> 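Take a look at the following structure, please.
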Amino acid sequence: MDGARPAGREIDERIQKHLAEEFSDDWTVLGLSQHFRREGYVKIPNIVPDDLKADVSAEVYRILEYSQRIDTRLKATSNTPRRMSTVGAKHITEHGTVVPELYHSEALMGFLARLARDSVVPCPYEPERYVMTKQEKVGDTHGWHWGDFSYALIWIIEAPGTEVGGMLQCVPHTDWTKSDARVHDYLVKYPIRTYEHQTGDIYFLRTDTTLHRTVPLNRDATRIILNTAWASAADIARVDSHETMDALFD
Ligand SMILES: [Fe+2]
């Protein structure tokens with residue numbers, strides 16, 4: 001799937017052109033980078049052109065038919081809950097075109113590398129590259145966790161109003177010790193930031209050192225996201241395990 005695809009270059013060119021126009025001011029980009037590095041999070045809804053965002057959204061809705069419901073707790077993150085439907089990367093690779101192609105966009109990875117001040121490269125572990133989640137029932141949540149790889153763009157395909165829940169909560173600059181995650185100790189120790197999003201938002205998240213979750217839905221409502229994840233140079237050099245991913249994404 002890493003081979004050359006003509007349509008992939010087309011998407012890459014669209015992103016490159018858009019970024020050159022939208023983020024021509026270095027001071028603006030520096031501000032986004034500093035926000036990202038301070039908070040582990042920065043919202044950038046205009047990181048891709050609107051027409052590409054619409055293409056992504058249409059593809060996500062189409063591939064959601066392959067979703068599987070999970071309701072579990074994960075030991076490696078202090079038994080925090082996962083109550084949602086998920087679509088694994090293999091379904092997106094098999095049935096998608098837009099997402100797999102934008103994932104390999106050099107322009108997009110290059111811009112994210114400017115924000116992160118780090119190399120941003122495709123995850124060597126393919127099931128981590130892109131996944132979808134859908135929450136719809138009261139109590140649905142993606143409980144407190146970290147990512148196996150450093151960087152993710154989260155595409156908010158559909159979000160309910162903030163009064164319903166589903167907001168992102170973050171505790172940046174924390175470390176995941178899989179054998180002793182101590183999630184509640186981190187919640188006690190450091191402030192929690194809460195971010196609301198609406199349909200069409202996109203945010204860049206430092207997933208390996210930002211403890212994060214979604215606030216449980218307080219009634220039945222729809223929240224759909226696409227998660228595209230990339231690795232850092234340090235990730236590539238490290239051998240790791242993937243037990244949380246393997247438990248969640250078919
Ligand atoms: Fe996450």
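Count residues from 1 along the sequence. Computed from a predicted structure; not experimentally measured.
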> Checking Trp144 against Ser78: is there a side-chain donor and acceptor pair closer than 3.5 Å?
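No donor-acceptor contact under 3.5 Å links the two side chains.
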> Please check if the side chain of Asp201 supplies one atom and the backbone of Ile156 the other of a donor-acceptor pair under 3.5 Å.
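A pair under 3.5 Å: no.
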> What is the distance from atom OH of Tyr203 to atom CG of Leu168, rounded to the nearest 0.5 Å?
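Between atom OH of Tyr203 and atom CG of Leu168 there are 4.0 Å.
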> Within the distance-only criterion (no hydrogens, no angle test), does the side chain of His35 pair as donor or acceptor with the backbone N or O of Tyr41 below 3.5 angstrom?
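Yes, His35 side chain to Tyr41 backbone: donor-acceptor pair under 3.5 Å.
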> Could you check whether any side-chain heavy atom of Leu30 comes within less than 4.5 Å of a side-chain heavy atom of Leu32, counting everything from C-beta outward?
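When only atoms from C-beta onward are counted, Leu32 and Leu30 do not touch, as no gap falls below 4.5 Å.
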> With no hydrogens and no angle check, is any side-chain donor or acceptor of Lys43 less than 3.5 Å from a backbone partner on Glu196?
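Pair found, side chain donor or acceptor close to backbone of Glu196.
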> Check Thr228 against Tyr103 and note the closest heavy-atom contact, atom names and distance.
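Looking at all heavy atoms of both residues, the closest pair is CB-CD1, 4.3 Å.
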> Is there a side chain to side chain contact (heavy atoms under 4.5 Å, CB included) between Tyr66 and Ile92 once you walk through the steps?
CA-CA 9 Å; Tyr66 300 95; Ile92 302 170; over 6 Å; no
> Using a 3.5 Å distance criterion without hydrogens, assess whether the side chain of Ser119 forms a donor-acceptor pair with backbone atoms of Ala233.
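Confirmed, Ser119 side chain pairs with Ala233 backbone.
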> Evaluate the side-chain proximity of Leu217 to Val138: yes if any heavy-atom separation is below 4.5 Å, no if none is.
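Val138 does not reach Leu217 side chain to side chain.
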> Would you indicate whether the side-chain heavy atoms of Trp146 and Asp175 approach each other to under 4.5 Å?
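They are not in side-chain contact.
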> Under 4.5 Å between side-chain heavy atoms, counting indirect links through other Ile/Leu/Val/Met/Phe/Trp/Tyr residues: same cluster for Trp155 and Leu19 or not?
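Yes, Trp155 and Leu19 fall within the same hydrophobic cluster.
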> Please round to the nearest 0.5 Å and tell me the distance separating atom CD1 of Ile15 and atom CD of Glu22.
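Those atoms lie 13.0 Å apart.
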> On the 0 to 90° scale, with breaks at 30° and 60°, tag the His197-Tyr195 ring pair as parallel, tilted or perpendicular.
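Because their plane-to-plane angle lies in the 30° to 60° range, the rings of His197 and Tyr195 count as tilted.
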> Between Arg206 and Asp208, is there a side-chain N and carboxylate O pair less than 4.0 Å apart?
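Judged by the 4.0 Å cut-off on N to carboxylate O distance, Arg206 and Asp208 do form a salt bridge.
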> Mind listing the closest non-hydrogen atom pair of Pro124 and Phe149 along with its distance?
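For Pro124 versus Phe149, the nearest heavy atoms are CD-CE2, 3.7 Å.
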> Do you know the tightest heavy-atom contact between Ala152 and Thr207?
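Here Ala152 and Thr207 meet closest at CB-CG2, 3.7 Å.
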> Nearest 0.5 Å please: distance from the OH atom of Tyr130 over to the SG atom of Cys123.
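Here the interatomic distance stands at 10.5 Å.
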> Might you point out which heavy atoms bring Pro45 and Lys53 nearest each other, and give the distance in Å?
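So the minimum-distance heavy-atom pair works out to O-NZ, 2.7 Å.
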> Just grab all the side chain to side chain donor-acceptor pair (under 3.5 Å) pairs involving residues 213-224, residues at least two apart or on different chains.
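Every pair satisfying side chain to side chain donor-acceptor pair (under 3.5 Å) with a residue in residues 213-224: Gln135-Thr214, Gln169-Arg213.
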> For Ala113, does its backbone N or O pair with a side-chain atom of Trp230 as donor and acceptor, under 3.5 Å?
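No, the answer is negative, given that no donor and acceptor are paired below the 3.5 Å cut-off.
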> Should Leu102 and Val48 count as side-chain neighbours, where that means a heavy-atom distance under 4.5 Å?
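No; the side chains remain at least 4.5 Å from each other.
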> Begin with the C-alpha distance, continue with both residues' side-chain angles, and end with the deciding distance and a verdict on salt bridge (Lys or Arg N to Asp or Glu O under 4.0 Å) for Asp118 and Arg37.
CA-CA 11 Å; Asp118 190 3; Arg37 285 177 288 128; over 6 Å; no
> First locate atom NE2 of His145, then atom CG of Leu211, and finally report the distance between them rounded to the nearest 0.5 Å.
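These two atoms lie 8.5 Å from each other.
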> Tell me whether Leu115 is reachable from Ile202 by hopping between hydrophobic residues (I, L, V, M, F, W, Y) whose side-chain heavy atoms are closer than 4.5 Å.
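Result: yes, single cluster for both.
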> Got Glu158 and Tyr61 here, is their nearest side-chain heavy-atom distance under 4.5 Å?
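With C-beta onward as the side chain, the pair touches.
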> Do the non-hydrogen side-chain atoms of Ile44 and Phe23 ever get within less than 4.5 Å of each other?
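Answer yes - side chains close enough.
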> Tell me, do Ile47 and Phe111 make a side-chain contact under 4.5 Å, heavy atoms counted?
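A side-chain contact exists here, since the closest heavy-atom pair is under 4.5 Å.
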> Is there a side-chain contact between Met109 and Pro122, using heavy atoms and a 4.5 Å cut-off?
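Yes, close enough: below the 4.5 Å cut-off.
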> Quick check: closest heavy atoms across Tyr151 and Ser232, and the distance to 0.1 Å?
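Here Tyr151 and Ser232 meet closest at CE1-CB, 3.7 Å.
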> Which heavy atom of Ala221 sits nearest a heavy atom of Pro160, and at what distance?
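Heavy atoms of Ala221 and Pro160 come nearest at CB-CB, 3.9 Å.
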> Salt bridge between Glu10 and Arg14, side-chain N to carboxylate O under 4.0 Å?
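A salt bridge is present here (some side-chain N lies under 4.0 Å from a carboxylate O).
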> Take Val183 and Asn79, measure what side chain to side chain contact (heavy atoms under 4.5 Å, CB included) needs, and give me the verdict at the end.
CA-CA 9 Å; Val183 164; Asn79 291 311; over 6 Å; no
> Determine, stepwise, if the pair Arg69 / Glu136 fulfils side chain to side chain contact (heavy atoms under 4.5 Å, CB included).
CA-CA 10 Å; Arg69 179 87 191 160; Glu136 55 197 326; 4.3 Å; yes
> Checking side-chain hydrogen bond (donor to acceptor under 3.5 Å, both in side chains) against Arg82, which of Asp140, Thr77, Asp71 comes through?
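Among Asp140, Thr77, Asp71, the one meeting side-chain hydrogen bond (donor to acceptor under 3.5 Å, both in side chains) with Arg82 is Thr77.
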> Check whether Val56 and Leu205 end up in the same hydrophobic cluster, where Ile, Leu, Val, Met, Phe, Trp and Tyr are linked by side-chain heavy atoms less than 4.5 Å apart.
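Not linked; separate clusters.
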> Between atom NE2 of His18 and atom CD of Glu13, what is the distance when rounded to the nearest 0.5 Å?
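Answer rounded to 0.5 Å: 15.5 Å.
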> Are Ile11 and Leu112 connected in the hydrophobic side-chain network, where two residues link if heavy atoms are under 4.5 Å apart?
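Same cluster.
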> Using the rule that two of Ile, Leu, Val, Met, Phe, Trp, Tyr join whenever any of their side-chain heavy atoms come within less than 4.5 Å, decide whether Ile154 and Leu108 are in one cluster.
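No; tracing contacts between hydrophobic side chains, which count when under 4.5 Å, never links both residues.
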> Is there a side chain to side chain contact (heavy atoms under 4.5 Å, CB included) between Thr28 and Asp26 once you walk through the steps?
CA-CA 5 Å; Thr28 301; Asp26 288 341; over 6 Å; no
> Angle class for the Phe204/Phe36 ring planes (parallel below 30°, perpendicular above 60°, tilted otherwise)?
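Phe204 vs Phe36 ring planes: parallel.
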> Check the pair Glu21 / Lys17 against salt bridge (Lys or Arg N to Asp or Glu O under 4.0 Å), numbers first and verdict last.
CA-CA 6 Å; Glu21 290 168 2; Lys17 183 169 177 288; 3.4 Å; yes
> Do any N or O atoms from the side chain of Arg62 and from the backbone of His95 form a donor-acceptor pair under 3.5 angstrom?
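Side chain of Arg62 to backbone of His95: a pair is present.
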> To the nearest 0.5 angstrom, please state how far the NZ atom of Lys137 sits from the CZ atom of Arg83.
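One gets 12.0 Å once the value is rounded to the nearest 0.5 Å.
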